Engineer: 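Structure below; questions to follow.
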Amino acid sequence: KNDVTRYEGMGLRAIQNGDGFRRDGSSFYASLIFGMGRDRQRSVDFPFVRDPQRAASRRYEYGDSFSEGRAGELLGILDLCRRHGASVVIVMPPVSERIFSHMQQNHDRYRYVHRFERFVADLPLESHNFHDIGAIGSTDCECIDSIHIGDVAYQRLLLKVLEQRPDSVLKPYLNVPLMKSSVAGFSGKVLTVFESDRERFRLNETSFLDIPCPK
């Protein structure tokens, strides 16, 4: 337990600032959401944008196409799921508005992303491309950082899945009325905090870009 949340987290970072894994397996980004890592949080922190050399060291190289070997591994995983009767839904998650705009403006550098999008779209299973955060009706206010969205945006994403595919295999698992109510009540925020959880959070969330958001 720590001074940021009342959740029990795993690891030294969880003790220090609330970061880390919770008992349900989810990872919680307390330092970013609550503004304790301000240097990281206040900028568009993505190696593509600021430091191409750092990008290469973190496996974010520019490229014309994606790795055929890695694509083969993905196909192998999908075949394993099929043989065991598991339904699969592939979702390309959003990045922040500013990152998406940067990638669109530098199309040649990110050609592999667009080719991977087409590769996924051609697979014989349910897939959804939400790389553009605007496609789910969300904004940077609902992002944890440049490449992670929060609770509210993920609920928007799932609602958009059902809008695009009313027969989605996810439908039986989604409480649509509760999700719509949650999105309406927490629009512009990262966290969905139900009444029973309010005491768990001791700080107010901040915007990772320090832009006006209804926090």
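Worth saying up front: this structure is predicted, and the values here are computed from it rather than measured.
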Engineer: If the condition is salt bridge (Lys or Arg N to Asp or Glu O under 4.0 Å), which residues does Glu117 pass it with, not counting sequence neighbours?
Structural biologist: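 Once residues adjacent in sequence are excluded, Glu117 has no partner under the salt bridge (Lys or Arg N to Asp or Glu O under 4.0 Å) criterion.
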
Engineer: Would you say that more than 12 heavy atoms from the other residues, nucleotides or ligands in this model lie under 6.0 Å from the CZ of Phe194, or not?
Structural biologist: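 Correct, the count exceeds 12.
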
Engineer: Using a distance-only test with no angle check, is there a side-chain donor-acceptor pair under 3.5 angstrom linking Thr192 and Gln155?
Structural biologist: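 Their side chains do contain a donor-acceptor pair, which is all the 3.5 Å distance test asks for.
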
Engineer: Can you measure from CD1 (Ile133) to OG (Ser101) and round to the nearest 0.5 angstrom?
Structural biologist: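 Spacing of CD1 (Ile133) from OG (Ser101) equals 13.0 Å.
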
Engineer: Can you name the nearest heavy-atom pair linking Phe130 to Val91, along with the distance?
Structural biologist: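 So the minimum-distance heavy-atom pair works out to CD1-CG1, 3.9 Å.
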
Engineer: Under the side chain to side chain contact (heavy atoms under 4.5 Å, CB included) rule, what do Leu170 and Arg165 come out as? Steps first, then yes or no, please.
Structural biologist: CA-CA 10 Å; Leu170 297 177; Arg165 287 283 297 269; over 6 Å; no

Engineer: Given side chains that start at C-beta, do those of Leu157 and His128 come closer than 4.5 Å, heavy atoms only?
Structural biologist: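 Leu157 does not reach His128 side chain to side chain.
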
Engineer: When you group the ILVMFWY residues by side-chain heavy-atom contacts below 4.5 Å and let the links chain together, are Phe28 and Phe21 in the same group?
Structural biologist: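 No; tracing contacts between hydrophobic side chains, which count when under 4.5 Å, never links both residues.
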
Engineer: Establish whether Val120 and Leu80 are linked, either directly or via other cluster members, by ILVMFWY side-chain heavy-atom contacts under 4.5 Å.
Structural biologist: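 Unlinked, Val120 and Leu80 end up in two clusters.
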
Engineer: Please answer: with hydrophobic residues joined when any side-chain heavy atoms are less than 4.5 Å apart, are Leu75 and Met92 in the same cluster?
Structural biologist: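 Looking at the clustering, Met92 is in the same group as Leu75.
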
Engineer: Enter the distance from Asp19:CG to Leu32:CG here, rounded to the nearest 0.5 Å.
Structural biologist: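 Going from CG on Asp19 over to CG on Leu32, the span is 6.5 Å.
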
Engineer: With side chains defined as the heavy atoms from C-beta onward, is the minimum distance between Phe201 and Phe34 less than 4.5 Å?
Structural biologist: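 Sidechains of Phe34 and Phe201: in contact.
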
Engineer: Calculate, to the nearest 0.5 Å, the distance between atoms OH and CE belonging to Tyr154 and Met179 respectively.
Structural biologist: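 Rounded to the nearest 0.5 Å, the OH-CE separation comes to 13.0 Å.
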
Engineer: Going by the rule ring-ring contact (aromatic ring centres under 6.0 Å, His included), which residues pair with His84 if we only count those two or more places apart in sequence or in a different chain?
Structural biologist: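 Expected list: none.
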
Engineer: Would you list the pairs meeting side-chain hydrogen bond (donor to acceptor under 3.5 Å, both in side chains) in which at least one residue belongs to residues 168-179, sequence neighbours left out?
Structural biologist: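 Residue pairs passing side-chain hydrogen bond (donor to acceptor under 3.5 Å, both in side chains), neighbours aside: Glu126-Ser168.
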
Engineer: Which residue pairs pass the disulfide (SG to SG under 2.5 Å) test when at least one of the two sits in residues 98-156, sequence neighbours left out?
Structural biologist: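 For residues 98-156: Cys141-Cys213.
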
Engineer: Just so I know, are the side chains of Leu191 and Asp197 near enough to count as touching, which here means a heavy-atom distance under 4.5 Å?
Structural biologist: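 In short, these two side chains do not touch, never coming nearer than 4.5 Å.
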
Engineer: Does a side-chain heavy-atom distance below 4.5 Å link Ile144 with Ile149?
Structural biologist: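 No, their side chains stay 4.5 Å or more apart.
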
Engineer: Parallel, tilted or perpendicular, judged at 30° and 60°: which one describes the rings of Tyr112 and Tyr110?
Structural biologist: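 Tyr112 and Tyr110: tilted rings.
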
Engineer: So does Lys189 pair up with Asp151, basic N to acidic O under 4.0 Å?
Structural biologist: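 Answer for the salt bridge query: no.
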
Engineer: Give the cluster check for Ile77 versus Leu123: same hydrophobic cluster or not, with ILVMFWY residues linked at side-chain heavy-atom distances below 4.5 Å.
Structural biologist: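 No, Ile77 does not connect to Leu123 through the hydrophobic network.
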
Engineer: Going by the rule side-chain hydrogen bond (donor to acceptor under 3.5 Å, both in side chains), which residues pair with Arg83 if we only count those two or more places apart in sequence or in a different chain?
Structural biologist: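 Only Asp79 meet the side-chain hydrogen bond (donor to acceptor under 3.5 Å, both in side chains) criterion with Arg83.
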
Engineer: Counting C-beta onward and ignoring hydrogens, is there a side-chain heavy-atom pair between Met10 and Arg22 closer than 4.5 Å?
Structural biologist: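 Side chain of Met10 against side chain of Arg22, heavy atoms only: no contact under 4.5 Å found.
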
Engineer: Report yes if the side chains of Gln105 and Phe100 come closer than 4.5 Å at any heavy-atom pair, otherwise no.
Structural biologist: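 No - every pair of side-chain heavy atoms lies 4.5 Å or more apart.
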
Engineer: Would you compute the distance between atom CD of Glu142 and atom OG of Ser96 and round it to the nearest 0.5 angstrom?
Structural biologist: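 So the gap between those two atoms works out to 13.0 Å.
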
Engineer: Do Val183 and Val176 belong together in a cluster built from hydrophobic side chains that touch within less than 4.5 Å?
Structural biologist: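 Yes, it is one cluster - the side chains of Val183 and Val176 are joined through contacts under 4.5 Å.
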
Engineer: Could you check whether any side-chain N or O of Glu97 sits under 3.5 Å from a backbone N or O of Gly134, counting only pairs where one atom can act as donor and the other as acceptor?
Structural biologist: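 No: the side chain of Glu97 does not pair with the backbone of Gly134.
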
Engineer: Looking at Phe66 versus Phe116, is the centre-to-centre ring distance below 6.0 Å?
Structural biologist: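 For Phe66 and Phe116, the ring centres are under 6.0 Å apart.
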
Engineer: If we only count heavy atoms from C-beta on, is the Leu158 to Leu162 side-chain gap below 4.5 Å?
Structural biologist: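 No - every pair of side-chain heavy atoms lies 4.5 Å or more apart.
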
Engineer: Report yes or no: does Asn106 contribute a side-chain atom to a donor-acceptor pair with the main-chain N or O of Asp108 at less than 3.5 Å?
Structural biologist: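 Side chain of Asn106 to backbone of Asp108, a donor-acceptor pair under 3.5 Å: no, none is there.
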
Engineer: My understanding is that only residues two or more places apart in sequence, or in another chain, count here; which of them pass ring-ring contact (aromatic ring centres under 6.0 Å, His included) with Tyr29?
Structural biologist: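 Result, ring-ring contact (aromatic ring centres under 6.0 Å, His included) vs Tyr29: His148.
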
Engineer: Is there a donor-acceptor pair closer than 3.5 Å between any side-chain N or O of Ser207 and the backbone N or O of Ile211?
Structural biologist: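 Looks like yes, one N/O pair under 3.5 Å.
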
Engineer: Calculate, to the nearest 0.5 Å, the distance between atoms CG and NZ belonging to Asn204 and Lys215 respectively.
Structural biologist: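 Answer for the CG-NZ pair, Asn204 versus Lys215, is 10.5 Å.
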
Engineer: Contact between Leu159 and Glu163 at the side-chain level, heavy atoms closer than 4.5 Å - yes or no?
Structural biologist: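 Counting from C-beta outward, Leu159 and Glu163 never come under 4.5 Å.
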
Engineer: Which atom pair, heavy atoms only, marks the closest approach of Ser138 to Ala153?
Structural biologist: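 The answer is OG-CB, 3.6 Å.
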
Engineer: Closest approach of Ser187 and Val152, non-hydrogen atoms and distance?
Structural biologist: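 Heavy-atom minimum between the residues: CA-CG1, 4.4 Å.
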
Engineer: Let me confirm one number: the NZ-CZ distance from Lys180 to Arg156, rounded to the nearest 0.5 Å.
Structural biologist: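 Lys180 NZ to Arg156 CZ: 12.5 Å, rounded to 0.5 Å.
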
Engineer: Do Ser87 and Arg82 have a side chain donor and acceptor closer than 3.5 Å?
Structural biologist: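 Looking only at side-chain atoms, Arg82 and Ser87 do not form any donor-acceptor pair under 3.5 Å.
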
